[in-house]
Amino acid sequence: AGQGGGRGEMGGGGGLGAGAEAPAVVDEKGYNDGYATETTRNFVEATYGGEVDDTRRKHLSDEQREKAEFWCDAMDAPKVDEYSRLPWWRWPSKGQKVPYPEKLRKYEADGRENPFARWGAGLWWLSYVVCGADFSTMHIPDEMIDELSDKHEWKKPPVGLARQWHSSDVSSIRLPQELMDHVNMQTLPYRLGLGRLILWMLSKKRVFGYVIVLTAFLIFSPGAWAIIFYGSIPLGDYLQCRFKDFAVWLFVTNPITEVVWAFTEFNLMFACIDEKLPWRPFWMYLPALASVYVVQVLFYLPIALTVGTFTCQALVGRAISYLIVVGWYHILQRPVFAYPKLYRENPDMLVKRMDRVRLAFRAFRTPHDVTEHEHLLWKQWIKTSFVKSVILYVYAGYIIGVKGGSATVQTGLAVAIFIAQVAFRKFMQHFAQPFHRDMNFLLSGLTVYNMQATYIAFATPNINMEDALYSQNWHTYLVLFSGPLTDILIAFWHQSLMWFRFRCWIKKIPKPVLCCARTPDYAALGIPIDMDFDGRGTTNAHPDYRRAKAYFDFLVFIGSLCGYGSYLMVSWIFLVGPNKYRYPFNDIPSLSFFETRGFTFEDWAWSVAYSVIVFLVLIVGFVLYVAYLRKFYPDVWPSLINSMYGYGRQPFKLGFAVLILTVTLSDTVIMLLNFSRVWYYNLGDSLGSCRA
């Protein structure tokens, strides 16, 4: 109260009058004094005049602040001087211009340089990307904020001028409370009390303990499934090539693996296309799962009766399952989008199982015109699902290539697979753009990086294929190790000013290079003002980007840890138990007849040692990353805590993570099973028929 006065000659509109209530999360001037400089504020405020004052008065209510519960105080991020954030890195400094020959500078009437009057691929922009500059030394065109706001649907005036980011600004996919009482894969973490454990740990600010518990749960759940389903259920003797030896694989192992994959695909689709009700009754897609099982059995039954197996038959089976599921996507499109209306109109029908069954089948008879937005979400999910399937085949090729290649080939494949990982992440982020951020990051972060880590870990015993001295294959291990190490360093790099300048610039550089345009567009210049409190880091607003990357990198760490941790938990089943001769971890003399070399115990031991090292390095890297954020980026740290906190308040999201990791682990184990014929692609002749 009593905070008043004007903003100077550029303010236009006065300040908060006497008796007005001051905003809850602001500094003495009413806005965040972190990154945005005074000149930047004056420029934006002069553009919008009194609108900024109106926005300042719309501060957080007590009810909104209560939503943050025990972490409310931590959400009030302290003021940070961007130009002295990192004591060892002084570029840019306050008042610094872009390093450039003075006689070649071009100043506007206000004495500042206009970045958009320069060629985007020229020396001025290159110097800006490397060294940066104080935002107040640049002349910003009047229409820049308006054009970018229209493009990215930002609020005007910018919300970051009114107050700081708060946890209550963040949206999240949510499962209605009445559905949490049902026991299924989504609600299992909630029913086990994992959400309450997570909340307790964060309330005690035990972030490291939280990560350990979360990682252990995400490793143990898929790992227990793999040990029981692939290691404990006895499979037949493949070398006998008799129908009774194929029976377990034909009726249990293969079709159920495909059903689990289809189940995961449907549940991920529901969460992607409907963030308000990320769930559909099991009975709605049960016919689709049944059709996957039946077709798988019918397809492989005559093969088992005649030739036995054929090369890479598991990959063919997945292609068949994918086509079946895509067909069901088309059949279920209208019922899936019609169901939310029935759900809202009949909440009492969710109590009894038979009522839920009736409601699910009623959706097939309910008329519903699919809207343009619903069709867009559905179409983007089809594309996302296709990319996920392509990734599987690429990693299958990696396993085959590593198995049959020389040490040089293996090293080359290690480099290629890390390049492919970047491409996969970009494609997934692009196609999943319309989905909620939670699902976008689960698909492009957790899924992609977990697949990379899991397939690499399970393929490492192949490294020693030509000699008995592992010291001669050190370069392959080194290249593989550089992948997770690079991911750790990139997580730190994502928060830096230099990276953000480069990222904004490189995305728009093809236009000036190819077309000789003066500059790409306004998005080439990073904006130091918070434009979207609930953004996902895809624009040129830096505060939003930093928060999103902290969340994304958290999932990258978790995905990689779970990949290598799963190998440590599961790989021993290949050495012992009823199915130890169904995987290549035992050097069986009879396999030499098929020109296939099994792994030795030494191969397995070295691969375990590698996974242990990477696992420990990832843990240390995450600890250092957390300490780095807390010390140098206290304005970003609360958003990461809030993202972690979300897995306690909405533990059903852990169900999605468990499904994703279970499918990845199952697919990887299947690749090594002799019945699947991926690692054993060259068994026998005539397309690899065992009967040949």
Side-chain angles (χ1 to χ4, degrees), residues 222 226 230 254 257-258 260-261 264-265 268 311-319 321-322 384-405 409-428 431 442-463 465 476 479-484 486-487 556 559-567 570-571 574 583-584 599 607 610-611 614 659-674 676-682:
Y230 298 106
N254 176 68
T257 298
E258 296 303 309
V260 170
W261 170 82
T264 302
E265 291 293 291
L268 292 177
T311 296
C312 297
Q313 64 176 9
L315 299 180
V316 176
R318 177 54 55 84
S321 297
Y322 175 78
T384 304
S385 180
F386 176 75
V387 172
K388 288 170 76 265
S389 299
V390 170
I391 296 175
L392 169 69
Y393 286 92
V394 171
Y395 282 118
Y398 170 76
I399 287 180
I400 294 174
V402 170
K403 175 200 172 184
V409 171
Q410 291 174 350
T411 303
L413 287 173
V415 175
I417 204 65
F418 285 120
I419 297 175
Q421 174 187 256
V422 177
F424 296 152
R425 176 183 60 80
K426 295 297 293 183
F427 277 115
M428 292 289 277
F431 290 132
L442 278 176
L443 292 170
S444 59
L446 182 75
T447 302
V448 172
Y449 286 85
N450 177 253
M451 291 182 73
Q452 179 88 337
T454 306
Y455 279 95
I456 286 178
F458 277 83
T460 47
N462 278 298
I463 291 179
M465 292 299 295
T476 304
V479 172
L480 290 175
F481 179 73
S482 67
T486 301
D487 294 336
V556 169
S560 299
L561 281 170
C562 292
Y564 290 101
S566 296
Y567 179 72
V570 173
S571 61
F574 303 132
Y583 301 97
F599 302 148
S607 67
Y610 169 77
S611 292
V614 176
L659 288 176
I660 291 171
L661 301 179
T662 300
V663 167
T664 300
L665 182 58
S666 297
D667 287 344
T668 309
V669 173
I670 279 290
M671 297 294 174
L672 300 178
L673 182 63
N674 54 12
S676 302
R677 300 294 307 281
V678 178
W679 194 89
Y680 290 92
Y681 68 93
N682 60 339

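Side chains are part of it too, since the values below use all heavy atoms of this structure and drop only hydrogens, waters and symmetry mates.
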Subject >> Test item: Asn450 and Ser560 side chains (from C-beta on) under 4.5 Å apart, heavy atoms >> reply: no
Subject >> Nearest atoms (heavy-atom pairs only) where Ser566 meets Cys562 >> reply: OG-O, 2.6 Å
Subject >> Gap between atom OH of Tyr398 and atom NZ of Lys403 - 0.5 Å precision >> reply: 15.0 Å
**OP:** Apply side chain to side chain contact (heavy atoms under 4.5 Å, CB included) to the pair Tyr322 and Phe386, showing each step before the final yes or no.
**Re:** CA-CA 8 Å; Tyr322 175 78; Phe386 176 75; 3.3 Å; yes
**OP:** Identify the heavy atoms of Leu665 and Ala226 that sit nearest to each other, and give their distance.
**Re:** CD2-CB, 3.7 Å
**OP:** Compare every heavy atom of Val614 with every heavy atom of Pro484, then report the nearest pair and how far apart it is.
**Re:** CG-CG1, 3.7 Å
Original post:
What's the spacing between Leu413 CG and Ile399 CD1 if we round to 0.5 Å?
Top reply: 11.5 Å
Subject >> Contacts of Phe431 that satisfy ring pair (Phe, Tyr, Trp, His ring centres under 6.0 Å) - sequence neighbours left out >> reply: none
**OP:** Using the side chain to side chain contact (heavy atoms under 4.5 Å, CB included) rule, take Tyr680 and Thr311 through it: C-alpha gap first, then chi angles, then the decisive distance, then the call.
**Re:** CA-CA 8 Å; Tyr680 290 92; Thr311 296; over 6 Å; no
**OP:** Evaluate side chain to side chain contact (heavy atoms under 4.5 Å, CB included) for Phe424 paired with Gln452, printing each intermediate quantity in order.
**Re:** CA-CA 10 Å; Phe424 296 152; Gln452 179 88 337; 5.8 Å; no
Subject >> Residues which pass ring pair (Phe, Tyr, Trp, His ring centres under 6.0 Å) with Tyr564, listed by chain and number, not counting sequence neighbours >> reply: none
Original post:
Do Thr476 and Thr411 have a side chain donor and acceptor closer than 3.5 Å?
Top reply: yes
**OP:** Could you grab the distance from atom CG of Leu268 to atom OG1 of Thr447, nearest 0.5 Å is fine?
**Re:** 7.0 Å
**OP:** Using the six-membered ring wherever Trp is involved, compare the ring planes of Phe458 and Phe574 and label them parallel, tilted or perpendicular (cut-offs 30° and 60°).
**Re:** perpendicular
**OP:** I would like to know whether Thr257 and Tyr230 meet side-chain hydrogen bond (donor to acceptor under 3.5 Å, both in side chains); could you show each step before the answer?
**Re:** CA-CA 10 Å; Thr257 298; Tyr230 298 106; 2.7 Å; yes
Subject >> Where Leu443 and Met428 come nearest, the two heavy atoms and their spacing >> reply: O-CE, 3.5 Å
**OP:** To the nearest 0.5 angstrom, please state how far the CG atom of Leu446 sits from the CG atom of Leu661.
**Re:** 5.0 Å
Original post:
Between Ser321 and Glu258, which heavy-atom pair has the shortest distance, and what is it?
Top reply: OG-OE1, 2.8 Å
Subject >> Tyr393 atom OH: more than 12 heavy-atom contacts under 6.0 Å >> reply: yes
**OP:** For the residue pair Trp679 and Asn674, confirm or rule out a side-chain donor-acceptor distance under 3.5 Å.
**Re:** no
**OP:** Please check if the side chain of Gln410 supplies one atom and the backbone of Val402 the other of a donor-acceptor pair under 3.5 Å.
**Re:** yes
Subject >> Ser482 side chain vs Val479 backbone, donor-acceptor pair below 3.5 Å >> reply: yes
Original post:
side chain to side chain donor-acceptor pair (under 3.5 Å) with Ser389: which residues, sequence neighbours excluded?
Top reply: none
Original post:
Which residues satisfy the ring pair (Phe, Tyr, Trp, His ring centres under 6.0 Å) test with Tyr455, sequence neighbours excluded?
Top reply: Tyr395
Original post:
Taking only residues at least two apart or on different chains, which pairs with a member in residues 661-671 satisfy salt bridge (Lys or Arg N to Asp or Glu O under 4.0 Å)?
Top reply: Arg318-Asp667
Original post:
Say you draw a straight line from CG of Asn254 to OG of Ser676; how long is it, rounded to the nearest 0.5 Å?
Top reply: 7.0 Å
Original post:
For Ser385 and Glu265, which heavy atoms make the closest approach, and how far apart are they?
Top reply: OG-OE1, 2.8 Å
Original post:
Could you go step by step and tell me if Ile456 and Phe418 meet the side chain to side chain contact (heavy atoms under 4.5 Å, CB included) rule?
Top reply: CA-CA 10 Å; Ile456 286 178; Phe418 285 120; 3.8 Å; yes
Subject >> Set of residues satisfying side chain to side chain contact (heavy atoms under 4.5 Å, CB included) with respect to Val678, sequence neighbours excluded >> reply: Ala314, Leu315, Ala396, Ile400, Met671
Original post:
Can you tell me if Thr454 uses its side chain to pair, donor with acceptor, with the backbone of Met451 under 3.5 Å?
Top reply: no
